[in-house]
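One structure below.
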Amino acid sequence: MSQIPAPEVDASLIDSSPLGTRSPGASRFSGIKVDSLSKTFNPPLLYRKAGQSKSKVVALKDFSLDIVAGEAMGVIGPNGAGKTTLMGCLLGFLHPDSGSVLIDGLPPNSLPIKEIIGYLPERLNFDSWMTAKRFVTHHHELSYQPEESREKDVEDLLNAVGLDQKKWDLPLGNFSRGMLQRVGLAQALVGKPKYLFLDEPASGVDPGGVLAVRQVLRDLKAKGMTIVLNSHQLDQIEKICDRVAFVKGGRLEALEDLVDTDTNRREIAIKFKSNPELMPSKEALQDIALSCQSELSELNYFVAHFTVSNNDSLSQLIKMLVNKDYPVLEVIPQSNRLERYFKEENA
Amino acid sequence: MSAKIKKDRAINLALFKSTLEEWRYNPAFIPIMAIGFLFLIGYSIVSVTFVDAPIHEATFSSVFWTALPSVALLGAGIIGKNVSSGILSVLFARPIRRYSYVLTRWLALSVASSALCLILLAIEQIAAMAAFPGILPDFNTLSQAVARVSMCFGLSATFVMFSSIFPNTLDLGIWIMLSFSSNLIVEISHIEPYMISQISCNDLNRKITEFVVPICKELAIPIQSLVSPYLDLAYLTHTGSVSWYAVFTYFSNIGLCLLIAIAIMNRKEVSYASK
């Protein structure tokens with residue numbers, strides 16, 4: 001694929017507020033601005049008439065978030081948290097009860113915005129009679145891309161998502177979910193969109209596909225594409241996104257900056273050489289841990305589990321163990337940051 | 001953004017093309033159409049040979065029974081199926097106006113069903129010319145062509161309207177129900193005042209009938225022209241001048257159906273979160 005020009009990101013627009021909300025007045029905000037979005041789903045009329053107890057579902061409640069152009073934003077949360085509703089509102093598929101969504105200062109339903117967005121839905125309900133190549137070509141036509149480069153663009157896109165060339169001329173009805181994901185991603189990338197909305201892009205994809213999708217997304221991010229990634233795969237979000245929004249009960253619970261690694265307590269395991277003579281005692285490890293604002297949580301033969309406060313305390317801990325000639329073999333992170341967040345939430 | 005005028009077209013050519021292709025790739029389409037054609041042609045032959053129907057009547061199948069199967073086969077769920085399956089969310093992420101989607105689907109359905117009806121008309125004309133030398137295309141052929149095409153465009157608008165309201169292929173069911181109701185209303189509207197006393201001996205029944213019949217008389221034509229709108233060239237010109245009222249009614253019905261469909265589609269939420 002050809003290079004996507006990196007957008008100019010105004011440094012003054014980078015978010016500094018705790019939950020990503022920006023003070024009003026930034027009218028020419030380059031990026032996605034979600035302002036006090038609320039959305040309630042009412043039960044169907046038949047339910048209401050039948051007097052059934054199906055009540056209103058508050059999907060989003062006073063949800064505000066700014067996504068700066070060029071940023072990769074992850075959206076995670078439990079099932080029914082409002083992630084899909086948020087995605088629907090961002091794309092103009094749902095009509096919010098109150099609040100607004102602006103992309104580059106325009107509502108998401110306006111044609112100029114539709115020209116610069118790409119979308120991969122979670123439910124891959126594509127025209128099953130179309131072949132993969134015809135499907136991507138169709139979307140190339142729909143997005144008014146130049147006819148001269150159509151064939152080359154389509155082939156480049158199918159190659160980029162790693163779809164086997166033998167499958168290009170098969171109807172989508174015969175495709176597995178993993179193959180559909182790849183075709184869907186190729187479709188979403190038609191026209192080199194500035195904003196890419198992905199709903200579970202690696203769901204159902206084989207391990208090779210997960211890596212391929214991740215690589216494609218990393219490349220796109222490096223080229224300046226703004227990515228909104230809704231995924232349950234914490235690992236994927238952590239590897240691609242700059243920030244992650246935690247959604248729960250229709251609200252923005254927290255906003256985590258994944259670029260800044262020097263935050264939060266976390267668990268690590270330190271593995272020592274399996275030599276009992278050189279192995280430190282439990283008391284010795286506890287003393288060392290305390291002196292570096294850490295805590296020894298468990299000693300299991302030759303593996304010691306620590307809870308460290310931050311990056312400084314981790315490096316200090318390793319340094320002290322090495323200085324005392326203890327046979328440190330490796331340091332293993334016990335959970336990534338997003339896993340830790342969920343663990344803390346559940347606790 | 002640079003070519004805004006071009007992109008704001010009411011008819012989206014890429015969507016039009018893909019809609020026609022969708023029918024072509026449907027495995028059931030060709031066999032059902034072939035059976036339908038053979039049935040209608042066979043019916044004409046039987047009418048002439050065994051029933052001894054007048055040649056000009058037997059030459060062409062009924063306008064209604066050629067247009068309806070074509071439109072129903074191609075158009076059942078023309079929008080509702082897309083809404084139910086979730087295809088629209090990917091489509092509406094593209095620079096397409098919703099009214100353009102509705103109008104394009106309607107035009108594609110109208111053109112495809114009209115083409116099928118005209119092909120059948122041509123086959124019938126050729127068969128008639130072969131069976132009865134001397135029969136040539138005349139005003140009757142032209143009238144048939146106009147009636148069939150106008151009914152295809154009219155029925156398509158009705159189907160598009162129902163399909164934008166109801167999910168999947170429920171539009172066909174609603175249309176059939178409405179069609180039966182309109183036939184019933186037409187039958188009731190034919191009841192003359194002197195017949196009422198013969199039908200009902202009960203005072204209450206008589207009063208109800210007296211109340212219902214005039215309403216049915218008023219409703220019969222509007223409902224029928226909504227359910228199956230078409231232009232009958234022979235009727236339009238039978239007084240020697242064109243009946244503009246009938247022409248206006250036909251086009252206003254189509255316009256109304258399409259406006260309702262567009263209004264509904266503009267408010268429709270196409271994310272599966274809303275389900």
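Residue numbers start from 1 in every chain, and the chains themselves are labelled A, B, ... in the order their sequence lines are given, proteins ahead of strands.
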Exercise for the section: Begin from the C-alpha positions of A:M130 and B:S18 and carry the test side-chain contact (heavy atoms from CB on, under 4.5 Å) through to its verdict. Expected result: CA-CA 9 Å; A:M130 280 192 192; B:S18 75; 4.0 Å; yes
What's the separation between atom [atom1] in [X] and atom [atom2] in [Y], rounded to the nearest 0.5 Å?
X: B:I96; Y: A:S143; atom1: CD1; atom2: OG; answer: 9.0 Å
X: A:D127; Y: B:N82; atom1: CG; atom2: CG; answer: 7.0 Å
X: A:L142; Y: B:L91; atom1: CG; atom2: CG; answer: 6.0 Å

Problem - Neighbour count >12 (heavy atoms, 6.0 Å) for atom NZ, A:K167 - result: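 Atom NZ in A:K167 is not crowded, with 12 or fewer foreign heavy atoms closer than 6.0 Å.
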Handout entry: Region of A:K83 in contact with chain B, defined by heavy-atom distances below 4.5 Å
Key =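 For A:K83, there is no contact with chain B at all, as no heavy atom is under 4.5 Å.
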Practice task
Would you mind checking which part of A:A188 comes under 4.5 Å of any heavy atom in chain B, side chain (CB onward), backbone (N, CA, C, O), both or neither?
Solution key: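 Only the backbone of A:A188 comes within 4.5 Å of chain B.
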Handout entry: Any donor-acceptor N/O pair, A:N125 side chain to B:S85 backbone, under 3.5 Å
Key =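 Yes, because the side chain of A:N125 sits within donor-acceptor range (under 3.5 Å) of the backbone of B:S85.
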Exercise for the section: Determine yes or no for a side-chain-to-main-chain donor-acceptor pair under 3.5 angstrom, with A:K114 supplying the side chain and B:F92 the backbone. Expected result: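 Yes, the answer is positive, given that a donor and an acceptor are paired below the 3.5 Å cut-off.
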Practice task
Please state whether the side chain, the backbone, both or neither of B:R267 comes within less than 4.5 Å of a heavy atom of chain A.
Solution key: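 Interface part for B:R267: both.
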Kindly indicate whether the side chain of [X], heavy atoms from C-beta on, has any atom under 4.5 Å from the side chain of [Y].
X: A:H139; Y: B:V90; value: yes
X: B:N12; Y: A:Y144; value: yes
X: A:F41; Y: B:E269; value: yes
X: A:T85; Y: B:S271; value: no

Handout entry: Among A:V190, A:I117, A:L111, the one residue meeting side chain to side chain contact (heavy atoms under 4.5 Å, CB included) with B:R94
Key =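 In the set A:V190, A:I117, A:L111, the residue that makes a side chain to side chain contact (heavy atoms under 4.5 Å, CB included) with B:R94 is A:V190.
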Handout entry: Top of A:H95, A:H138, A:M87 for chain B proximity - count of heavy-atom pairs under 4.5 angstrom
Key =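 Among A:H95, A:H138, A:M87, the one with the most close pairs to chain B is A:H95.
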Exercise for the section: Under 4.5 Å, counting heavy-atom pairs only, tell me which of A:Y119, A:F197, A:F126, A:W129 racks up the most with chain B. Expected result: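 It is A:W129.
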